[in-house]
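Everything quoted here is computed from the prediction, not taken from an experiment. A note on names: the letters A, B, ... follow the listed sequences, proteins ahead of strands, and every chain is numbered from 1.
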2 protein chains.
Amino acid sequence: MDFVEFRKIYNIYKDEIYNEILSINRNSIRVKKEQTVIKNLEKIFEAALKISNRKGFQAMSMRSLSKESGLSMGALYAYFSSKEELLEMLQRQHSNIMFRIFEYQIKPDLDAQARLNTAIRTHLYLSEAMRPWFYFAYMETKNMPRIKQERAMESELLSEKIFSDIIKEGIKQKIFINNRYELTAGAIKALLQDWYLKRWKYSRRKISVDEYAAFIINLIKSYVFKPN
Amino acid sequence: MDFVEFRKIYNIYKDEIYNEILSINRNSIRVKKEQTVIKNLEKIFEAALKISNRKGFQAMSMRSLSKESGLSMGALYAYFSSKEELLEMLQRQHSNIMFRIFEYQIKPDLDAQARLNTAIRTHLYLSEAMRPWFYFAYMETKNMPRIKQERAMESELLSEKIFSDIIKEGIKQKIFINNRYELTAGAIKALLQDWYLKRWKYSRRKISVDEYAAFIINLIKSYVFKPN
DNA sequence: GTCTATACACAGATAGAC
DNA sequence: GTCTATCTGTGTATAGAC
């Protein structure tokens, strides 16, 4: 699988994003006509991600969101009851779509090595396709109240577990060396996150997402196969 | 070198931090008595880092900073002319102290392997000793205006260059394999940053800073020495 | 040097016309 | 469903007493 191939799978899901947001938040959205809701949610979310990823969610005023999205302040509040609710919608939607695609992609019928590759590629390609969402989720959870941060931490650990489980199994099957699988899984996550957190750096150096995928996979393999 | 040893070196510098802040910002600080300035700057900066690292600098109100630092609003503005200036003071101080210690620590008389170790350990230990500063600098540069972000990006590349130069030299000396040294340096940075960005995770798992240093070093070595 | 009290701008949110 | 106009709280910053 490379990025081009991944995009085909992803595009099927993509159109459902706003349908899903609608059905989850049906009761808090005052507007009735489905078509209108979907069209406007898309405008609102895109604008919110754009401004937030530049200045931070906190610093984004409702006035600027109104201007960027093309809807008036009054209209915005027909889609959520407070700025904080908008934040929650964005966060939840990100984690939903992420785990959904992950679940679908990682087939259990492959050996540990192939599954590790798939997991790394899936995560990386997904973050590339949905970069504004990933960046937003990473940066904005840090400034949230304790309780909601806990949720984000669980989500981090859960996605890390996908990697550590695969490595553990590889160790059991004697394919990999028994060598700090938990730290290794954490390292994979950190490297994957670097891709969307410092996109500017990789763009400047003209590193493609496929190149970066290959690099991470090689780096990790050299460690889990290390003879010493 | 381990963390205990590093702390001894660090402690010598530590006391100079506020002296240095004072001398750099002498003209924008209205208070004359040196002792007073140093004592209060410490209070202000500690409070600012504490609140910002929990809620973000933007979300920290001057009222809350006043309360946390124990100084009145009026008093605060004797030390900086605007909230933005406070932000600048914090940022600049962080990058100053970082490059200062780095320069001092990395001796050129060692071979590439030993220098790579020292560089990794120095960066990691420094971020551990000054965690609130590092966390702050990482999170808050993202929301800054273009021009200032450029500065932060240059700083990222500069510190990355320390690692890539060492690796390049190792390749030249035929100690290391010629294997994407730029991406490798970036990976080292990402792994080092993960330590202070997700401190909660490592604390929970009871990973010591020395353990983590050894892990990164092993991971990277297995790649730069990889036989294939 | 530090305080309290206050100015003034702008934030989030809503009411009511269309 | 969407708009404009407006309410009310909170933000940064400063003036002037001590």
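Taking the charged nitrogens against the carboxylate oxygens, B:Lys148 and B:Glu140 have no contact shorter than 4.0 Å, which rules out a salt bridge.
Using a 4.0 Å heavy-atom criterion, one finds that B:Arg63 contacts the bases of the nucleic acid, with or without backbone contacts as well. Across all strands shown, A:Ser72 has heavy atoms under 4.0 Å from base atoms, whether or not it also approaches the sugar-phosphate. Residue-level contact check: B:Tyr79 touches the backbone only, with heavy atoms under 4.0 Å from sugar-phosphate atoms and none from bases.
When distances are taken from the side chain of B:Leu71 to each of D:dG1, D:dT12, C:dC3, the shortest belongs to C:dC3. Checking C:dG1, D:dG1, C:dG12 against every side-chain atom of A:Lys83, the shortest atom distance belongs to C:dG12. Counting only heavy atoms from C-beta on, A:Val31 has its side chain closest to D:dT2 among C:dG1, C:dC3, D:dT2.
The distance between atom CE of A:Met62 and atom C1' of D:dT10, rounded to the nearest whole Å, is 17 Å. The distance from atom CG of A:Leu76 to atom C1' of D:dA5 is 16 Å, rounded to the nearest whole Å. Separating the NZ atom of B:Lys67 from the C1' atom of C:dC3 is a distance of 17 Å, rounded to the nearest angstrom. Atom NZ of A:Lys33 and atom C1' of D:dT2 are 13 Å apart (whole Å). To the nearest angstrom, C1' of D:dC3 lies 13 Å from CG of A:Asn40. Rounded to an integer number of Å, the gap from A:Met73 CE to D:dT4 C1' is 11 Å. If you measure from atom CD of A:Glu84 to atom C1' of C:dA11, you get 15 Å, rounded to the nearest angstrom. What separates CD of A:Gln58 from P of C:dC10 is a distance of 17 Å, to the nearest Å.
Cation-pi check for A:Lys142 over B:Tyr138 is not met; the charged atom does not lie both under 6.0 angstrom from the ring centroid and within 45 degrees of its normal. Cation-pi geometry between B:Arg121 and B:Tyr125 is not met: the NZ or CZ atom fails to fall both under 6.0 Å from the ring centre and inside 45° of the normal.
Phosphate contact (OP1/OP2 of D:dT14, side-chain N/O of B:Tyr77, threshold under 4.0 Å): absent.
Taking the centre of each ring, A:Tyr196 and A:Phe134 come in below the 6.0 Å mark. For A:Phe136 and A:His94, the gap between ring centers reaches or exceeds 6.0 Å.
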